[in-house]
Amino acid sequence: MRMSPIAPGGMSAAQRELDEVARRIMGEHVPFTTQDENGALIGPFPVLLRFPHLARPLLDWFTTNGAVLPPRVREVAILTTGSRYGAAYELYSHGRIASAIGMQDTVVAALVAGQRPCGLPWEEEVAHDVAAALYAGSPLPGALYRAAVDCFGEAGTAELVFLIAQYAGICLVLNAYDVPLPADAD
């Protein structure tokens, strides 16, 4: 860990404001550890809170997500992206979310391992394949783009692409600052 969590009492006004935004985005009841024993946010937040002027646009971007994609599709895309970067905290937190929304452990494990699970519903296969194709570093193939538009519509496809971009950014931050897993990580 390259940056320690910032205790709520030790924050500047800009950090407190960003801390409040981050807590609102996450909500109160998440299936993973978000705070240390002092109530300080963990995961990407110690880094983000140190640079509020850089982090605020990123967090604002997270609050503008559309409502087209179902939760399972979102988690497939997020876990596929997280596995590409090997971002441990991302895989831990979203693996827990995926399990909490009913994804089978074998599916979550395959996604975390960077594999395409067998037997995914069509829309989840498309989400996985779009994320995998985008992180391969070349244009999205036309047939896959059309499959995404057929599954999600233009707005949903845009939401998927932007979701993948958002989580790629978070994964890079997690890896750059060597963000550790909490003690309860599997």
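Scanning all heavy atoms of the two residues, the minimum distance from Q115 to H128 falls at O-NE2, 3.6 Å. Taking all atoms of both residues into account, the shortest heavy-atom contact from A155 to V68 is CB-CG2, 4.4 Å. Residue P46 comes nearest to R50 through the heavy atom pair O-NH1, 3.0 Å, listed as atom of the first residue, atom of the second, then distance. Contact record, A132 with T80: N-CG2, 3.9 Å, taken as the closest heavy-atom pair. Between L163 and A77, the shortest heavy-atom distance links the atoms CD2-CB, 4.1 Å. Contact record, G156 with L69: O-CD2, 3.7 Å, taken as the closest heavy-atom pair.
Here the straight-line distance linking atom CE of M26 with atom CG of L41 works out to 4.5 Å at 0.5 Å rounding. Here the CG atom belonging to L91 is positioned 6.5 Å from the OG atom belonging to S83, to the nearest 0.5 angstrom. With rounding to the nearest 0.5 angstrom, the OG1 atom of T34 is 10.5 Å from the CD atom of E28. With values rounded to the nearest 0.5 angstrom, R23 atom CZ is found 11.0 Å from L18 atom CG. In this structure, NE2 on H94 lies 9.0 Å from CD1 on I170, to the nearest 0.5 angstrom. The distance from the CZ atom of R72 to the CE atom of M103 is 5.0 Å, given to the nearest 0.5 Å.
Put simply, the side chain of Y92 reaches to within 4.5 Å of the side chain of P182, judged on heavy atoms. Put simply, the side chain of Y135 does not reach to within 4.5 Å of the side chain of I164, judged on heavy atoms. Contact annotation: the side chain of P8 never approaches that of D19 to less than 4.5 Å [non-hydrogen atoms, C-beta and beyond].
Under a 3.5 Å cut-off, the side chain of T157 and the backbone N or O of A148 do form a donor-acceptor pair. With hydrogens and angles disregarded, a donor-acceptor distance shorter than 3.5 Å links the side chain of R2 to the backbone of A176. A distance-only check finds no donor-acceptor pair linking the side chain of T81 to the backbone of A168 [under 3.5 Å]. Looking only at distances, a side-chain donor or acceptor of Q15 sits under 3.5 Å from a matching main-chain atom of S12. Within the 3.5 Å criterion, the main-chain N or O of P70 finds no donor-acceptor partner in the side chain of R74. Judged by distance alone, with hydrogens and angles left aside, the side-chain atoms of E90 form no donor-acceptor pair with the main-chain N or O of C171 at under 3.5 Å.
Hydrophobic clustering (side-chain heavy atoms under 4.5 Å, transitive across Ile, Leu, Val, Met, Phe, Trp, Tyr) keeps V112 apart from Y167. Side-chain heavy atoms closer than 4.5 Å link hydrophobic residues (I, L, V, M, F, W, Y) into clusters, and following such links, possibly through other members, connects V30 to V179. Linking Ile, Leu, Val, Met, Phe, Trp and Tyr residues whenever their side-chain heavy atoms come within less than 4.5 Å places L160 and L140 in a single cluster. L79 and L174 fall into different hydrophobic clusters, where Ile, Leu, Val, Met, Phe, Trp and Tyr are joined by side-chain heavy atoms under 4.5 Å apart, directly or via other members. In this structure, V47 is a member of the same hydrophobic cluster as L54, with clusters built from ILVMFWY side-chain heavy atoms closer than 4.5 Å.
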E159 vs F152, side chain to side chain contact (heavy atoms under 4.5 Å, CB included): CA-CA, chis, key distance, verdict: CA-CA 9 Å; E159 183 181 328; F152 311 119; over 6 Å; no
Check against side chain to side chain contact (heavy atoms under 4.5 Å, CB included), I42 and Y89: CA-CA 9 Å; I42 61 170; Y89 189 87; 4.0 Å; yes
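Atom CG of N38 sits in a crowded spot, with more than 12 heavy atoms from other residues, nucleotides or ligands closer than 6.0 Å.
Between R56 and D60 there is a salt bridge, with a side-chain nitrogen of the basic residue lying less than 4.0 Å from a carboxylate oxygen of the acidic one. Ion pairing between R96 and D184 holds under the 4.0 Å rule for side-chain N and carboxylate O.
Aromatic ring pairs are classed by plane angle as parallel below 30°, tilted from 30° to 60° and perpendicular above 60°; the pair F51 and Y177 is tilted.
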